[in-house]
Amino acid sequence: MATWKHHLPPLAQAAYIPLMSKSCTILGIESSCDETAAAVVRLCGGEVRILSETVRSQTEAHAPYGGVVPEIAARAHAEIADEIVRRALLDSGLDLGGIDAVAATSGPGLIGGVLVGMMTGKALAVARDLPFLPINHLEGHALSPRLSQGCRFPYLLLLVSGGHCQFIDVRGLGEYRRLGSTIDDAAGEAFDKLARTLGIGFPGGPAVEALAWEGNPERFALPRPLLNRPGLDFSFAGLKTASARLAETLGDDRRGQADLCASFQAAVSDCLAEKTARALRQFVPGPDGGIRLVVAGGVAANQTLRHALAHVADGAGAQFIAPPLRHCTDNAAMIALAGAERFQAGLYDPDGLAFKARPRWPLDEDSARLNPAYGGGRKGAKA
Ligand code: KG4
Ligand code: ZN
């Protein structure tokens, strides 16, 4: 293994020299779940320009199964990745000659899909003698508000999606501390499970939300796990099971289904909002004194949750920042931006081609190691 690297063209030797003032243009690739995406982002000083962004969702392929099927996802990424990258380049008006480095999600996620995107990125980097930057998907989400809102460091990020549910204290580029996390399921998983049990569609979140508009959120008294315990961890497994059990008893009772969706949504919102209020109370503002709350991830599309979080932020004197939906869900612009910020700061390993894809890759490895509740095991800490 040690010798093959010598046959590769030399990579940028200046990698550790800060390039702050220079402009850089990065091709980003994302394929860790069920979206195949590519984007070209230019960073000039502090200004972000998205030159193109292309995304292809696999929702239809997974819909019959009520959830993402890893094997189907990997194949679908492999079939479309080259086309998506070609389109992103075409839309940006550039060819690879105009790209300074390639960045691709290299974990955490469904490993088959991660490998497709990462190897596509590595192949392009090798072919054009460009640096390759392996990006942590969670760092992409963490930096996503900087794509359009120029959000300054530090800020509190609530990442709430189908695969993740955690608070990250984002102090600066590469400076992330996980303050709390789900100890079992992600909130999005609970939405998907309820929708699957009710037979109302996939992905579950939008379907549950649509039905919840007609319902009474006070009809069913659902659990709010860990709400009465100190700390910033979440738990959604109990709520998921309780609501799915109730769903099974409802049959075709549409009124009941709507009430259950509304009650479930209220329970999830309560858990997330209360913990967010706590997290904001312990947030240490930066030199500008500003307190910022960012919400990202697919579940951030939920209007009830957004209102609840906006209310909490207001109460804490915090600015509430919700990136546009296309940047809340999985996308490649956030991966390209993470690559661009790292490239410009010289904060990357010049031997990126040696990076091995990681199904598990916590953004803050220290807190993941210290807190076994977040999951350890042979493969290392879970995301
Ligand atoms: O971030 P995302 O697109 O993919 C990952 O999980 O990484 O998030 C997808 C999740 C799914 O669980 C989906 O049901 C949920 O976000 N979601 C929603 C809504 N829209 C999507 N959950 C609640 N309300 C919504 N409107
Ligand atoms: Zn994601």
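Indexing begins at 1, ligand by ligand and atom by atom, following the structure's order.
- Under a 4.0 Å N-O distance rule, the pair Arg342/Glu139 qualifies as a salt bridge.
- As for Asp330, its N/O/S atom nearest the Zn ion (ligand 2) is the one called OD1.
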From CA spacing to verdict: side chain to side chain contact (heavy atoms under 4.5 Å, CB included), Phe132, Met118: CA-CA 9 Å; Phe132 174 77; Met118 188 186 79; 3.7 Å; yes

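- Annotation for Asp95: atom CG counts as buried by contact number, over 12 foreign heavy atoms lying within 6.0 Å.
- Cation-pi contact between Arg146 and Phe153: present, with separation from the ring centre below 6.0 Å and deviation from the ring axis of at most 45°.
- Between Ser52 and Asp91 the shortest heavy-atom distance is CB-CB, 3.6 Å.
- Between the NE2 atom of His141 and the NE2 atom of His137, the angle taken at the Zn ion (ligand 2) works out to 90° after rounding to 10°.
- Residue His164 has no nitrogen or oxygen atom sitting less than 3.5 Å from a nitrogen or oxygen atom of ligand 1, judged on distance alone.
- A donor and an acceptor atom, one from each side chain of Gln265 and Asn302, are located under 3.5 Å apart.
- Within ligand 1, the atoms closer than 4.0 Å to a non-hydrogen atom of Gly163 are 6 (O), numbered from 1 in the order shown.
- When hydrogens are left out, the protein atom nearest atom 26 (N) of ligand 1 is Glu209 OE1, 2.7 Å; that is the closest non-hydrogen contact.
- At least one N/O-N/O distance between Gly298 and ligand 1 falls below 3.5 Å.
- Near Gly188, the atoms of ligand 1 lying under 4.0 angstrom from a non-hydrogen atom of the residue are 12 (O).
- Considering backbone and side-chain N/O of Gly162, one or more are found under 3.5 Å from N/O of ligand 1.
- Relative orientation of the Phe167 and Phe234 rings is tilted, given thresholds of 30° and 60° on the angle between their planes.
- At a 4.0 Å heavy-atom cut-off, ligand 1 touches Pro206 through backbone and side chain alike.
- Atom 18 (C) of ligand 1 has its nearest heavy-atom neighbour, among Gly205, Ala296, Ala301, in Gly205.
- In summary, the atoms of ligand 1 found under 4.0 Å from a heavy atom of Thr329, numbered by their order in the structure, are 1 (O), 3 (O).
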Derivation and outcome, side chain to side chain donor-acceptor pair (under 3.5 Å), residues His307 and His311: CA-CA 6 Å; His307 281 127; His311 183 70; over 6 Å; no

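- Among all protein heavy atoms, the one lying closest to atom 7 (O) of ligand 1 is Asp330 OD2, 3.3 Å.
- Looking at atom 15 (C) of ligand 1, its nearest protein heavy atom turns out to be Val299 CG2, 3.9 Å.
- Of all protein heavy atoms, the one lying nearest to atom 24 (N) of ligand 1 is Asn302 ND2, 3.1 Å.
- When all heavy atoms of Ile321 and Cys151 are compared, the pair lying nearest together is CD1-SG, 3.6 Å.
- Where the criterion is an N or O separation shorter than 3.5 Å, residue side chain and backbone included, Glu35 fails it with respect to ligand 1.
- Of all atoms in ligand 1, numbered sequentially from 1 with element shown, those under 4.0 Å from a heavy atom of Asp192 are 11 (C), 12 (O), 13 (C), 14 (O).
- With a 4.5 Å cut-off on side-chain heavy atoms, Leu246 and Leu222 count as touching.
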